[in-house]
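The next block holds one structure in the form of structure tokens; read it before the comments.
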Amino acid sequence: MEPEVVSSEMALPAVLPFKRVQMSDKYPKGQSRGRHWKHLKQILQAENFPENEPNYLSIESPPSMYPSKKFCDVTGFKAPYVDPRTNLRYASPDVLKCIRVLPNEYVQRYLSLRNAAIVLK
């Protein structure tokens, strides 16, 4: 009985669809594992843009017609309020309490970050 079983040819697929494929079988040595992404500089060098045509890096635009958005100097959230003592913008009353406690030199640093440095009395 054994010779009959051994000599019989069974049609089995090489990879069964319900089994997980091992990474070593999927990507043998020497093959890449995925797509190779190029950086912006590599793309620009490969395409050789003419100097006189505008591109993403060389485009200039006029100033915006809309007013600039005002952000809290401490938290970075939208700031609908301005502290009259220090001229710092703040987003909530909790931030105002923190601003009032700040030393004068810290207030000057926050204002200089915003290019609004004013000598406070």
Side-chain angles (χ1 to χ4, degrees):
M1 238 192 229
E2 288 182 22
E4 294 173 3
V5 173
V6 172
S7 66
S8 68
E9 296 181 14
M10 295 178 67
L12 288 176
V15 177
L16 298 174
F18 59 86
K19 293 186 91 177
R20 180 176 284 178
V21 179
Q22 296 291 326
M23 290 296 284
S24 60
D25 296 338
K26 192 174 182 182
Y27 301 109
K29 283 190 174 180
Q31 287 187 354
S32 65
R33 291 184 179 235
R35 174 179 258 170
H36 176 71
W37 296 98
K38 292 184 179 179
H39 298 288
L40 179 62
K41 286 185 179 180
Q42 292 173 338
I43 294 170
L44 291 176
Q45 287 175 351
E47 292 183 1
N48 293 328
F49 284 115
E51 294 292 327
N52 55 358
E53 288 186 23
N55 60 19
Y56 183 77
L57 298 176
S58 67
I59 195 163
E60 294 181 13
S61 64
S64 176
M65 300 293 290
Y66 298 106
S68 61
K69 293 186 178 181
K70 299 184 180 356
F71 295 102
C72 176
D73 291 315
V74 178
T75 61
F77 295 125
K78 287 186 180 179
Y81 315 110
V82 176
D83 181 21
R85 284 191 203 166
T86 60
N87 271 353
L88 288 177
R89 297 180 183 138
Y90 63 95
S92 67
D94 298 330
V95 178
L96 178 62
K97 291 176 187 175
C98 295
I99 288 174
R100 293 288 170 98
V101 177
L102 287 175
N104 193 18
E105 63 185 64
Y106 288 177
V107 172
Q108 290 298 326
R109 288 182 186 172
Y110 277 119
L111 289 172
S112 66
L113 286 174
R114 195 176 38 153
N115 292 331
I118 300 169
V119 178
L120 298 174
K121 297 179 182 177

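None of the values given here were measured: they were computed from a predicted structure. When reading the values below, keep in mind they use all heavy atoms of this one structure, side chains included, and skip hydrogens, waters and symmetry mates.
- Tyr90 is connected to Tyr106 through a chain of hydrophobic side-chain contacts under 4.5 Å among Ile, Leu, Val, Met, Phe, Trp and Tyr, so both are in one cluster.
- The environment of Phe71 atom CZ is dense: over 12 non-hydrogen atoms of other residues, nucleotides or ligands sit within 6.0 angstrom.
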In residues 73-81, what donor-acceptor pairs under 3.5 Å come from side-chain atoms, sequence neighbours left out?
residue, atom, partner, partner atom, Å
Asp73, OD2, Arg89, N, 2.9
Thr75, OG1, Phe77, N, 3.4

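- Counting only heavy atoms from C-beta outward, the side chains of Leu88 and Val82 never approach each other to under 4.5 Å.
- For the side-chain hydrogen bond (donor to acceptor under 3.5 Å, both in side chains) test, no residue two or more places apart in sequence or in another chain qualifies with Asp94.
- Distance check: Leu102 CG to Gln108 CD gives 11.5 Å after rounding to the nearest 0.5 Å.
- In this view, Arg100 and Asp83 satisfy the side-chain hydrogen bond (donor to acceptor under 3.5 Å, both in side chains) rule, not counting sequence neighbours.
- Between Cys72 and Ala91, the shortest heavy-atom contact is SG-N, 3.7 Å.
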